[in-house]
Amino acid sequence: QVQLVESGGGLVQPGGSLRLSCVASEINFYAVGWYRQAPGKQRQWVAGIGTISGPLYAGSVKGRFTISRDNAKNTVYLQMNSLKPEDTAVYYCNLGRMESNNYYSYNYWGQGTQVTVSS
């Protein structure tokens, strides 16, 4: 019923930038977010944005990443700047909700896109 397709990942050197996109069947009624999962680690919340509320970020990416949404295109973006090797992971977009300035996942996921930051 709900489909999300991530794209834009790739191999970049430390300090580089990538812009991830996620095209969904529908995002209008949802908060949207990004998660990432590195090898051997738990899936980690990265950023989220509500339908009207401003974006939230994990401390590890604040100031470097920017989440945005385009409801008309059913698309979520994650602009990633000043990338570090620790940012290496599979990145997943997600549908959820915002409550009390927190992001809650509805467990709708895409297939993920690989981001590798290496020198």
Could you tell me whether the side chain of [Y] reaches within less than 4.5 Å of the side chain of [X], counting heavy atoms only?
{"X": "Gln114", "Y": "Thr88", "answer": "yes"}
{"X": "Tyr57", "Y": "Val46", "answer": "no"}
{"X": "Leu95", "Y": "Leu4", "answer": "yes"}
{"X": "Met80", "Y": "Val115", "answer": "yes"}

- Tightest non-hydrogen contact, residues Arg69 and Ile49, listed as NH1-O, 3.5 Å
- What are the two closest non-hydrogen atoms of Ser53 and Met98, and how far apart are they?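 The answer is OG-CG, 3.8 Å.
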May I ask you to decide if [Y]'s main-chain N or O and [X]'s side chain share a donor-acceptor pair within less than 3.5 Å?
{"X": "Ser118", "Y": "Thr116", "answer": "no"}
{"X": "Gln37", "Y": "Ala89", "answer": "no"}
{"X": "Thr113", "Y": "Gly9", "answer": "yes"}
{"X": "Arg43", "Y": "Ala38", "answer": "no"}
{"X": "Ser105", "Y": "Asn107", "answer": "yes"}

Working to the nearest 0.5 angstrom, can you tell me the gap between [X] [atom1] and [Y] [atom2]?
{"X": "Glu86", "Y": "Ser60", "atom1": "CD", "atom2": "OG", "result": "7.0 Å"}
{"X": "Glu99", "Y": "Arg97", "atom1": "CD", "atom2": "CZ", "result": "4.0 Å"}
{"X": "Leu56", "Y": "Ile67", "atom1": "CG", "atom2": "CD1", "result": "9.0 Å"}
{"X": "Cys93", "Y": "Trp109", "atom1": "SG", "atom2": "CH2", "result": "9.0 Å"}

Quiz: residues 13-35 side-chain donor-acceptor pairs under 3.5 angstrom, not counting sequence neighbours:
residue	atom	partner	partner atom	Å
Ser17	OG	Asn81	OD1	2.9
Ser25	OG	Gln3	N	3.3
Trp34	NE1	Tyr77	O	3.3

- Mind checking what makes salt bridge (Lys or Arg N to Asp or Glu O under 4.0 Å) contact with Arg64, not counting sequence neighbours? Asp87
- Item | Derivation and outcome, side chain to side chain donor-acceptor pair (under 3.5 Å), residues Tyr103 and Asn94 | CA-CA 10 Å; Tyr103 183 82; Asn94 171 254; 2.5 Å; yes
[X] and [Y]: same hydrophobic cluster, using ILVMFWY side-chain contacts below 4.5 Å?
{"X": "Tyr92", "Y": "Tyr106", "result": "no"}
{"X": "Val12", "Y": "Leu78", "result": "yes"}
{"X": "Trp45", "Y": "Phe65", "result": "no"}

- Message: Under a plain distance cut-off of 3.5 Å, with no hydrogens placed, do Arg36 and Tyr91 share a side-chain donor-acceptor pair?
- Response: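 There is such a pair between these side chains.
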